[in-house]
Every structure is written in C-alpha cells, then in structure tokens.
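Residue numbers run from 1 in the order of the sequence given.
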Amino acid sequence: MNGDTAVDELRSERKERMRDFQERLTERLREATIAPRTAQLGLQIGEQRWLVDLAEAGEIVPMPAMITPVPLTRDWLVGLANLRGTLFAVADLQRFAGDSATPIAKEARLLAFSASLNVNAALIVTRMLGLHDPQGWTEDASRQHWAAWAGRCLLDGEGRDWHELSLSRLAADEQFLSASR
C-alpha cells in the first residue's frame with residue numbers, strides 16, 4: 001500500500017504540474033493576442049532601409065535562378081518568376097522610384113506581396129535586415145520620401161534612417177499596376 005500511495009502522489013503531482021503548465025500557456029497565448037504588434041520587417045533596397053508591415057508581407061525567397069523578361073514593359077519590371085507554382089511580377093522598387101537598378105548580390109531576396117493584397121508581385125530586396133520595433137524611434141519629417149507608397153522617415157537609436165514602405169499603397173498605385181510601355 002505504501003508503494004501505491006507514492007504512485008498516487010506522483011500522479012497527483014504530475015497532474016498539478018500539467019495544470020500549471022496549461023494555465024501558463026493559456027495566459028501567454030492570451031497575452032500574445034492582446035499585445036500590440038509593432039514589429040516590422042526590415043529590409044534594404046539599394047542603400048535605403050525600409051520597414052514593411054508584417055501583414056502586408058508575403059513570402060521571402062532567395063532570388064530565383066531564372067526571371068523571365070517580359071517584352072514591352074517598363075524597365076523597373078524585371079520579369080516574371082515562378083514562386084511555388086504561381087507567377088509573380090518581379091519589380092525593382094529602386095528603379096520604379098527613378099533611381100538606378102537595385103544591385104543583385106548573394107544576399108538578395110524577393111519579397112512577395114501578401115496574398116491579401118490581391119497582387120502577384122514581388123520586390124527585389126538587396127538584403128533582409130530582420131524584425132524591428134520602431135516604437136521608440138523618432139520621426140524625421142525633413143527626410144520624408146516623395147512617393148505615396150512611402151510613409152514616415154524614422155531614425156533608429158543609432159541615427160540611421162528608415163522609411164516605411166506600404167505594400168498596400170504600392171499595390172494600388174496606378175503606375176505600378178501599369179507596367180506596359
């Protein structure tokens with residue numbers, strides 16, 4: 001009987017620990033859904049740093065081996081790429097903004113627009129810069145970008161400037177949607 005009591009105590013202790021674990025997990029999940037989501041995706045296009053809302057960003061993939069050029073289109077439309085069985089128009093945002101072409105190196109990636117934006121488009125990104133929380137950063141109104149698809153210019157703690165990039169505004173931009181010459 002003494003062994004049975006020890007086994008019962010062990011079972012009771014395990015149940016208690018499991019219940020505590022489930023309560024902690026439930027609380028953490030509740031906090032995660034309530035907590036504000038301020039983290040944004042940091043990326044570099046050419047020499048500029050950009051912040052993209054995670055809800056607007058789709059998949060991030062390495063530069064495909066082949067991007068098929070599309071004749072009679074603007075120079076900023078690099079071509080079409082097959083991303084997991086779906087064709088995406090690949091755009092060079094830096095070129096679209098009237099600057100030189102975005103350099104493509106080993107760290108280059110494609111950032112696809114979120115499916116919720118209903119545009120099969122992807123941007124060439126020089127390199128990914130991870131997630132950033134710009135809540136403590138300061139706004140620099142003197143360095144605002146001219147384009148409607150660009151938001152505020154923010155300075156991080158090290159004094160580097162970051163521009164907000166609205167993929168939803170870019171997806172609605174008439175010039176972006178009219179790539180033909």
Open item on the list: Walk me through whether Leu167 and Leu111 qualify under side chain to side chain contact (heavy atoms under 4.5 Å, CB included).
Closed with: CA-CA 10 Å; Leu167 295 181; Leu111 170 65; 4.3 Å; yes
Open item on the list: Using the rule given for side chain to side chain contact (heavy atoms under 4.5 Å, CB included), can you reason through Phe113 versus Leu123, listing the C-alpha separation, both sets of side-chain angles and the distance that settles it, and then say yes or no?
Closed with: CA-CA 8 Å; Phe113 287 42; Leu123 298 178; 3.8 Å; yes
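Cluster membership check: Met128 does not share its hydrophobic cluster with Ile124, using side-chain heavy-atom separations under 4.5 Å among Ile, Leu, Val, Met, Phe, Trp and Tyr.
Not counting sequence neighbours, Asp173 has no partner by the salt bridge (Lys or Arg N to Asp or Glu O under 4.0 Å) test. With sequence neighbours excluded, the residues that form a side chain to side chain donor-acceptor pair (under 3.5 Å) with Ser114 are Ser116. Scored by the side chain to side chain donor-acceptor pair (under 3.5 Å) test, Ser142 finds Asp140 as partners (sequence neighbours excluded). The salt bridge (Lys or Arg N to Asp or Glu O under 4.0 Å) search around Arg95 returns Asp75, not counting sequence neighbours. With sequence neighbours excluded, no residue satisfies salt bridge (Lys or Arg N to Asp or Glu O under 4.0 Å) with Glu56. Listed by chain and residue number, Met66 satisfy the side chain to side chain contact (heavy atoms under 4.5 Å, CB included) test with Thr68 (two or more places apart in sequence, or in another chain). Every residue was checked against the ring-ring contact (aromatic ring centres under 6.0 Å, His included) condition with Phe88, not counting sequence neighbours, and none meets it.
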Check residues 150-161 and write down every donor-acceptor pair under 3.5 Å in which the side-chain atom is one partner and the other belongs to a residue at least two apart or another chain.
| from | atom 1 | to | atom 2 | distance (Å) |
| --- | --- | --- | --- | --- |
| Arg152 | NE | Glu164 | OE1 | 3.2 |
| Arg152 | NE | Glu164 | OE2 | 3.3 |
| Arg152 | NH2 | Glu164 | OE2 | 2.8 |
| Asp156 | OD1 | Glu158 | N | 2.9 |
| Asp156 | OD1 | Gly159 | N | 3.0 |
| Asp156 | OD1 | Arg160 | N | 2.9 |
| Asp156 | OD2 | Arg160 | NE | 2.8 |
| Asp156 | OD2 | Arg160 | NH2 | 2.9 |
| Asp156 | OD2 | Trp162 | NE1 | 3.0 |

Can you give the donor-acceptor pairs under 3.5 Å from side chains of residues 41-54 to other protein atoms, not counting sequence neighbours?
| from | atom 1 | to | atom 2 | distance (Å) |
| --- | --- | --- | --- | --- |
| Gln44 | OE1 | Arg127 | NE | 2.9 |
| Gln44 | NE2 | Gly46 | O | 2.8 |
| Asp53 | OD1 | Ala55 | N | 2.8 |

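For Gln40 (side chain) and His132 (main-chain N/O), no donor-acceptor pair under 3.5 Å exists by modelled atom type. One N or O on the side chain of Asp92 and one on the backbone of Thr102 form a donor-acceptor pair closer than 3.5 Å.
To the nearest 0.5 Å, the span separating CD1 on Ile60 from CG on Leu83 amounts to 12.0 Å.
Among residues at least two apart or in separate chains, there is no salt bridge (charged side-chain N to carboxylate O under 4.0 Å, His left out) pair with a member in residues 113-125. For residues 101-120, the set of pairs meeting the salt bridge (charged side-chain N to carboxylate O under 4.0 Å, His left out) definition, not counting sequence neighbours, is empty. The list of salt bridge (charged side-chain N to carboxylate O under 4.0 Å, His left out) pairs with a residue in residues 76-87, not counting sequence neighbours, reads Glu59-Arg84.
The neighbour count for Gln175 CD, taken as heavy atoms of other residues, nucleotides or ligands under 6.0 Å away, does not exceed 12.
With Ile67 as the partner, the side-chain contact (heavy atoms from CB on, under 4.5 Å) test is satisfied by one option alone out of Leu80, Asn82, Val90: Val90.
Across all non-hydrogen atoms, the minimal contact from Ala81 to Leu110 is CB-CD1, 4.4 Å. Contact record, Leu165 with Trp149: CD1-CE3, 3.5 Å, taken as the closest heavy-atom pair. Minimum interatomic distance between Gln94 and Ala101 (heavy atoms only, all atoms of both residues): NE2-O, 3.6 Å. The minimum heavy-atom distance linking Arg169 with Ala148 is given by the pair NH1-O, 2.7 Å. Thr73 and Val70 get closest at one heavy-atom pair: OG1-O, 2.8 Å.
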